[in-house]
Amino acid sequence: MKDAVVTRFAPSPTGFLHIGGARTALFNWLYAHHFGGKMLLRIEDTDRERSTQAAIGAIIDGLQWLGLDWDGEPIFQFARAARHAEVARQMLAEGKAYECFATAQELTDMRERARAEKLPPRYDGRWRDRPAADVEAARTAGLKAVIRLKAPQDGETIVEDRVQGRVVFPNKDLDDTVLLRSDGTPTYMLAVVVDDHDMGVTHIVRGDDHLTNAARQTHIYQAMGWSVPVMAHIPLIHGSDGAKLSKRHGALGVDAYRALGYLPAALRNYLVRLGWSAGDREIFTTQEMIDAFDLPQIGRSPARFDFAKLENINGLYMRAMPDDDLLKALIDTLPHLEHGAALAAKLDASLLAQLRAAMPGLKERAKTLVELLDGARYLYADRPLPLEPKAKELLDGGGRAHLVALLPRLESLSQWNASASEAIVRAYSEEIGAKLGQVAQPLRAALTGRTTSPGVFDVLETLGREESLSRLRDQTKN
RNA sequence: GCGACCUUCGUCUAUCGGUUAGGACGGCUGCCUUUCACGCAGCAAAGAGGGGUUCGACUCCCCUAGGUCGCGCCA
């Protein structure tokens, strides 16, 4: 196996793992697995002001929840600062970089002047070819220097991108990037290149907001005589109105998706089809995804995030999941769900068995775990059940009489199961010449407090004789 | 302002010069039915605009419009 594929996911820990980052991670993960390679994780924490431990935790937790594992230990970029500085000094020594003593004020003025003249705001290279004497003078005057790359000024830099195609940047449009800050810490631009090189990254798959950075980074690779990895800049995800993804549009941390009751496998399936396709195929197992995934099928246009489709896919996954697995997923997710604590508090062996028995009827009525939890509420609600307005109307509007008539018949049942109760109820409705629904709906209202639920006869069975009859008596009393 | 990239049903997409422009979500009809769902059947819905090239353009080229991203001693 020559040239094994090595990809990396390189988030900066300044916030949670958002949905766009999750998709980037997924693409890197799929690509690495498709070619039997590795995906590395690098935490880009060089911004000491904004990087937080909490964000690092959120990112790692998010990746783990999504099932996107990485090879080896995560690399922390800040820990490699000395290596980055060493490379910068090497470039300085080789004349590939130079010291620049321009002050922050000078740079601001430079930009403002450019803006006023409607020119692109760029560094003008004022320290690029200064005589050594000037540099000495500045240093003895106590000025602090940054190290800037001596980037090519003529010709063009070509990024052969596997998604964007051949993108040409005239070098005159790119200025001399800062490599090392005046306090001696490396910039992102330098750190990324050095780390990707040192980590043996062969394929860089990242958001296309980095496309112009790719040209600047290419200059650094060239200055160091390193080979440039394969680049693939994938389009960003947009909100439903086409604008930048905002909170309202789904730019939430992946933990929010967990709290909304989405299954990681479903979210993965939704995300992989956002900007990538394999013919008409919509649903993939993880292995199928790995087998089918490759860079050429990634589109170049940004995709909009669509909750409706995510819900649909999640519902599909829930229905396809074995009942035991789905129940486990629900129980495991309880701590993250809004009303999860109520169920968790009452969860014992018998409730667990009831949930398991009700699962077939429950899962086809839910698109998320939140809906599944809500649908299961009748199983563990306290008597007397609170009635939804429509359920109350149903009982008050004549439904109660049916319950009164049905109660003794149900009480006399020798076998308590769905088919036995169904026979009783059907016989009764035929007797009085009513449609089954006219009788079944009041029953449902009394048993669940609602007008919608799984089939009433299944409800009777899973609730059990005592609980069912008690709930019916509660409603016939008044 | 400059630069890069993007533009097929409302949304995600297929199409790699010749198709009644296909699928999925959502929407709407209907069937099933004890409710709600599920399932099934069906319907509506698209090549941004304008020029070329070509026997023939969604597909290739140019222009326009719109959108996104980038232009820090942030990442």
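Here the structure is a predicted model, which means the values were calculated and not measured. Chain naming here is simple, since letters A, B, ... match the order of the sequence lines and numbering starts at 1 in each.
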A:Leu436 atom CG is separated from B:rC36 atom P, nearest whole Å, by 13 Å
Quantified in whole Å, what is the P atom distance between nucleotide B:rC38 and nucleotide B:rU29? 15 Å
Do A:Glu282 side-chain and B:rG23 base share a donor-acceptor contact under 3.5 Å? yes
Quantified in whole Å, what is the C1' atom distance between nucleotide B:rA48 and nucleotide B:rG67? 11 Å
Between A:Phe9 and A:Phe27, is the ring centroid distance below 6.0 Å? no
May I ask which nucleotide in the shown strands pairs with B:rU35, Watson-Crick or G-U wobble, both distances under 3.5 Å? none
Distance test, side-chain N/O of A:Ser277 to OP1/OP2 of B:rA14, below 4.0 Å: yes
What's the gap between B:rU20 and B:rU15 when it is taken at their C1' atoms, as a whole Å value? 15 Å
Separation of the P atoms in B:rG47 and B:rC12, to the nearest angstrom: 16 Å
Check: B:rA75 base within 3.5 Å donor-acceptor of A:Asn213 side chain: yes
Categorize A:Arg281 for me: base, sugar-phosphate, or nothing, with a 4.0 angstrom heavy-atom threshold over every strand shown. nothing
So for A:Asp280 and B:rG22, does any side-chain atom that can act as donor or acceptor lie under 3.5 Å from a complementary atom in the base? yes
Categorize A:Thr212 for me: base, sugar-phosphate, or nothing, with a 4.0 angstrom heavy-atom threshold over every strand shown. sugar-phosphate
What is the nucleic acid contact for A:Thr46, judged by heavy atoms within less than 4.0 Å: base, sugar-phosphate only, or nothing? sugar-phosphate
Rounded C1' spacing from B:rU53 to B:rC61 in Å: 7 Å
Out of B:rC73, B:rU34, B:rC12, whichever nucleotide has its closest atom nearest the side chain of A:Arg273: B:rC12
Those residues at least two apart in sequence (or on a different chain) that pass side-chain hydrogen bond (donor to acceptor under 3.5 Å, both in side chains) with A:Arg268 are A:Thr286
Distance between C1' atoms of B:rA24 and B:rC31 (Å, rounded): 22 Å
Give A:Phe457 one of three labels, base, sugar-phosphate or nothing, depending on what nucleic acid heavy atoms sit under 4.0 Å from its own. base
Remember a base hit wins even if backbone is also touched, and classify A:Pro454 as base, sugar-phosphate or nothing at under 4.0 Å, heavy atoms. base
Please name the nucleotide paired to B:rU29 by Watson-Crick or G-U wobble geometry with both distances under 3.5 Å, or report none. B:rA41
Just call it for A:Gly275: base, sugar-phosphate, or nothing, with non-hydrogen atoms closer than 4.0 Å on any strand. sugar-phosphate
With P as the reference atom in both, quote the distance from B:rC2 to B:rC9 in angstrom, rounded to an integer. 30 Å
OP1 or OP2 of B:rA37 less than 4.0 angstrom from a side-chain nitrogen or oxygen of A:Lys367, does that happen here? no
With distance as the sole criterion, do the side chain of A:Arg319 and the base of B:rC38 form a donor-acceptor contact below 3.5 Å? no
Mark yes or no: A:Arg281 above the aromatic ring of A:Phe284, with NZ or CZ under 6.0 Å from the six-membered ring centre and no more than 45 degrees from the axis. yes
Please state how far atom NE2 in A:His210 lies from atom P in B:rA4, giving the value in whole angstrom units. 20 Å
Which one is paired to B:rA48, where only Watson-Crick or G-U wobble pairs with both distances under 3.5 angstrom count? B:rU64
Testing B:rU7, B:rA24, B:rC5 for proximity to the side chain of A:Lys309, the answer is B:rA24
Side-chain contact check for A:Arg304: nearest option of B:rU34, B:rC12, B:rU68 is B:rC12
Calculate the interatomic distance between A:Glu112 atom CD and B:rG1 atom P; express it in whole Å. 18 Å
Using a heavy-atom cut-off of 4.0 Å across all strands, would you classify A:Ser182 as base, sugar-phosphate, or nothing? base
Tell me whether the side-chain N/O atoms of A:Arg148 come closer than 4.0 Å to OP1 or OP2 in B:rC73. yes
The Watson-Crick or G-U wobble partner of B:rU59, with both key distances under 3.5 Å, is none
Centre-to-centre under 6.0 Å for A:His203 and A:Tyr31, is that the case here? yes
Just the rounded figure in Å: distance from P of B:rU11 to CZ of A:Phe307. 17 Å
In Watson-Crick or G-U wobble terms, with both distances under 3.5 Å, the base opposite B:rA24 is B:rU11
Using a 4.0 Å heavy-atom cut-off across all strands, classify A:Arg300 as base, sugar-phosphate, or nothing. sugar-phosphate
Given the P atoms of B:rU68 and B:rG27, what is the spacing between them in whole Å? 28 Å
Hey, do the aromatic rings of A:Tyr98 and A:Trp127 have their centres closer than 6.0 Å? no
Under 4.0 angstrom, heavy atoms only, what part of the nucleic acid is A:Val456 near: base, sugar-phosphate, or nothing? base
Does A:Val146 reach a base, just sugar-phosphate, or nothing at all? Heavy atoms under 4.0 Å. base
